[in-house]
Amino acid sequence: MKHHLAQLVSTALATLQEAGTLDALGADVIKIDRSRDRAHGDFACNVALTLAKSAGRKPRQLAEQIVAALPPSALVVKVDIAGPGFINFYLAPSAYHQLIGAILQTGQQYGRSDVGQGQAVQVEFVSANPTGPLHVGHGRGAAYGATVADLLAAVGYRVHREYYVNDAGRQMDILAASVWLRYLDLCGETLPFPRNGYKGDYVWDIAATLHREQGDALRFEAERVVADLPPDETAGGDKEQHIDALIARARELLGDERYRQVFDLGLNTILADIRQDLHEFGVDYEQWYSERSLNESGAVERAIERLKQAGRMYQRDGAWWFRTTDFGDEKDRVVIRDNGQQTYFASDIAYHADKLERGFDRVIDVWGADHHGYVPRVKAALQALGEDPGRLEVLLVQFAILYRGGEKAQMSTRSGEFVTLRELRHEVGNDAARFFYVMRKCEQHLDFDLDLAKSQSSDNPVYYVQYAHARVCSVMKQLAEKGLQHDQDRGNRHLDRLHEQHELDLMIALSRYPEVVETAAVAHEPHQLAQYLRELANGFHTYYNAHQFLVDDHDLRDARLNLIVATRQVLHNGLTLLGVSAPESM
RNA sequence: GCGCCCGUAGCUCAAGCGGACAGAGCAUCGGCCUUCUAAGCCGAGGGUUGCAGGUUCGAGUCCUGCCGGGCGCGCCA
């Protein structure tokens, strides 16, 4: 529709140019917008305002000339000029009537498009360390990332969803040590648990599995385990030094192979749990990418070597530094520590280089906003490697702040005091959780009131939208109970019977859907779709209350049923994109 | 101190690329169920968009400076 109107204006401008009343101008200046206010028609064009200056005349005068030159259109009943010089278009109801038929015909395809033109986009999201179950903070990244990915797929991108598994590195060693200590406890050894260890119940569960499978095979006397360790923080020492020494002790006593068994049991158990958790949440991936595999394949070394060859690396204080300041970072970053170990950044350089090498046209990372300081250095790495950093887009998701009983609830994986995503899903349901998480812009803090979310009250807008869907289903059930049939063709032939204001409003809302999907996808703003669905549901509920659908008049009844079935279809399509179910009854 | 994000109704948030009188929900007050689900609808009140400048025909939106809040600033991940 916008395109059609832009064509009309374009033709008018060309006519004026030929007549010599207007200078030549770029073709992209014509912008057609939906009018917010019904009093301003259906669509508006501001071209007269933008061209007034260069044309050297008053906006309203120019608008009049343009309007006079507009070719006629069957879809436009009226054009007028308003305000400072807006050209307002009033559409014929028939313009919307064709839409109903189109929605019914295209069904689940309605709203999908190919603006992405098959470009390959990788979306990496969640990627939480597999050191414990996902908590509600990860849930937001999961819902947001999944919805952005689904939206992009809906508008014609080839989407590759990926979870980067941090299965190497110190945090995993801390987990392994934590599991082993709990295991020793189950064996009957008595020893203190480190301040920095993972204290959640799941660690006990993994330890129990270990004990069941291995018996006492990994058991060592408590005295040998703690012998000569630097003191923990609780004993006036440094908790980091203490845990590192404990990890080293575990390696030493268990040996590589048995240590790896403990490590892998922890990793695999938690990863399987995360995968299952996300799957139940409607979040699935094309690929789970192992950080360890980057080390094993030599990809990290190769990336570092490339940086060295590019002259971006230097040694200082025994460590290797990457001169990220060459690319605008605030300070240089260590890639290889003085003890010879790579930093996390080293794998990340290799990982991002690998992403681009895999041929994605665009790469999107969804990160927690607390990682924002990391963006410049990753972009610097890509630039130093000769890649275009513009291909990487980092979307930062602000924290979801939990409130319980009106007070902030603290979250910490280590202390074990946190609300898991699974708990949340079980308490408020997947639908409410998915919808709630994406209702706000990602850069906006999310106040997640657990009590409210758990209360199952109608405050939660997801019910409002789902209810609209269920209501249409209910009407159709009533129809069947009355022994009546819905004749879609008859309805299509009599769409001109739909001339009530409520009906026009609803049709206008339906016509907006493809635009909303496209904008939400391109801008990575799922909340626009959530917002839209609420408005659409409101349009339906209003219509429902104002008019009877199951009337005796066949023609009118079928036309109205066509409209509400089309509405149901759009509600269904939109909810599905958000990962929310569209129930037939509630 | 430096960097990123945020500041809109009592509360939680919207406002497509800068567009016309800034919109919803919750809460408050008042109406609507013998008729398709009242998990709904209709109406009312509620605003100097943190402050001060600037750019523009036009600014919640862009620029500058303040004020307030969150986050980050490790040879952690």
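Every chain is numbered from 1, with letters handed out A, B, ... down the list of sequences. Computed from a prediction, not measured in an experiment: that's the story for all the values here.
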A/Y464 vs B/rC41: side-chain N/O to OP1/OP2 distance below 4.0 Å | yes
With sequence neighbours left out, what residues match A/R560 under salt bridge (charged side-chain N to carboxylate O under 4.0 Å, His left out)?
-> A/E503
Is A/N538 near enough to B/rC41 that one of its side-chain N or O atoms lies under 4.0 angstrom from OP1 or OP2?
-> yes
Got a sec, which residues hit side chain to side chain contact (heavy atoms under 4.5 Å, CB included) with A/D329, two or more places apart in sequence or on another chain?
-> A/T324, A/R333, A/P376, A/R377
Measure from the side chain of A/N545, starting at C-beta and using heavy atoms only, and say which of B/rG19, B/rC41, B/rA20 lies closest.
-> B/rC41
Using a cut-off of 4.0 Å on non-hydrogen atoms, how would the nucleic acid contact of A/A523 be classed: base, sugar-phosphate, or nothing?
-> nothing
Sidechain-backbone polar pair: A/T325 side chain, A/D332 backbone, donor-acceptor under 3.5 Å = no
May I have the list of side-chain donor-acceptor pairs in residues 475-483 of chain A shorter than 3.5 Å, sequence neighbours left out?
none

Among the nucleotides B/rC36, B/rG16, B/rA20, whichever has the atom closest to the side chain of A/H40 is B/rA20
So, A/E291 versus A/S347: side-chain donor-acceptor pair below 3.5 Å or not?
-> yes
Donor-acceptor pair between A/D487 and A/H554 side chains, under 3.5 angstrom = no
For A/T542 and B/rC42, is the shortest distance between a side-chain N/O and OP1 or OP2 below 4.0 Å?
-> yes
Using a heavy-atom cut-off of under 4.0 Å over every strand shown, decide if A/A468 touches base, sugar-phosphate, or nothing.
-> nothing
Applying side chain to side chain contact (heavy atoms under 4.5 Å, CB included) to A/N295 and not counting sequence neighbours gives A/A168, A/V300, A/Q342
Is NZ or CZ of A/K331 both nearer than 6.0 Å to the six-membered ring centre of A/W321 and within 45° of the ring axis?
-> no
OP1 or OP2 of B/rC6 under 4.0 Å from side-chain N/O of A/K441 | no
Of the nucleotides B/rA77, B/rG7, B/rG40, which has the atom closest to the A/H371 side chain?
-> B/rA77
Pairwise 5' ranking along RNA chain B for A/L396 and A/V475, keeping only the more 5' one | A/L396
Does A/K331 place a side-chain N or O at less than 4.0 Å from the phosphate oxygens OP1/OP2 of B/rC75?
-> yes
For A/H547, report the nucleic acid contact type (base, sugar-phosphate, nothing); a contact means any heavy atom under 4.0 Å.
-> base
Taking OP1 and OP2 of B/rC76, is either one under 4.0 Å from a side-chain nitrogen or oxygen of A/R337?
-> yes
With centres under 5.5 Å and planes under 30°, do A/F86 and B/rA20 count as stacked?
-> yes
Check every strand shown and say whether A/R34 touches a base, only sugar-phosphate, or nothing at a heavy-atom separation below 4.0 Å.
-> base
Among B/rA15, B/rC36, B/rG7, which is the nearest nucleotide to the side chain of A/E525?
-> B/rA15
With sequence neighbours left out, what residues match A/E518 under salt bridge (charged side-chain N to carboxylate O under 4.0 Å, His left out)?
-> none
Are OP1 or OP2 of B/rG23 and a side-chain N or O of A/Q531 less than 4.0 angstrom apart?
-> no
What residues, two or more places apart in sequence or in another chain, satisfy salt bridge (charged side-chain N to carboxylate O under 4.0 Å, His left out) together with A/E64?
-> none
In B/rC29, glycosidic geometry as syn within 90° of 0 or anti otherwise = anti
Within less than 4.0 Å of OP1 or OP2 of B/rA24, is there a side-chain N or O belonging to A/R534?
-> no
Contacts under 3.5 Å, N or O only, protein and nucleotides 1-3 of chain B:
unit_1: B/rG3; atom_1: N2; unit_2: A/H372; atom_2: NE2; d: 2.3

A/R534 NZ/CZ over A/Y464 ring centroid, <6.0 Å and within 45° of normal = yes
What is the nucleic acid contact for A/D338, judged by heavy atoms within less than 4.0 Å: base, sugar-phosphate only, or nothing?
-> base
Look at all strands and tell whether A/N88 reaches a base, only sugar-phosphate, or nothing, counting heavy atoms closer than 4.0 Å.
-> base
For A/W320, report the nucleic acid contact type (base, sugar-phosphate, nothing); a contact means any heavy atom under 4.0 Å.
-> nothing
Canonical and wobble pairing (Watson-Crick, G-U, under 3.5 Å) of RNA chain B, dot-bracket with | = (((((((..((((.....[...)))).(((((.......))))).....(((((..]....))))))))))))....
Is A/A44 touching bases, backbone alone, or none of the nucleic acid, heavy atoms closer than 4.0 Å?
-> base
Counting only non-hydrogen atoms, which of residues 548-571 of chain A are less than 4.0 Å from RNA chain B?
-> A/Q548, A/F549, A/L550
A/K477 near the nucleic acid: base, sugar-phosphate alone, or nothing, with a heavy-atom cut-off under 4.0 Å?
-> nothing
Please name all residues satisfying side chain to side chain contact (heavy atoms under 4.5 Å, CB included) with A/K355, sequence neighbours left out, ordered by chain then number.
-> A/Q122, A/E124, A/Y351, A/H352, A/R358, A/V363, A/D365
Touch class at under 4.0 angstrom, heavy-atom based, for A/F345 against every strand present = nothing
Any salt bridge (Lys or Arg N to Asp or Glu O under 4.0 Å) involving residues 540-554 of chain A? Give me the pairs, sequence neighbours left out, ordered by first then second residue.
-> A/R497-A/D553
Given RNA chain B, 5'-ward residue of the pair A/H541 and A/V334, judged by closest heavy atom = A/H541
List for me each residue that meets salt bridge (charged side-chain N to carboxylate O under 4.0 Å, His left out) alongside A/R512, sequence neighbours excluded, and say none if there are none.
-> A/E535
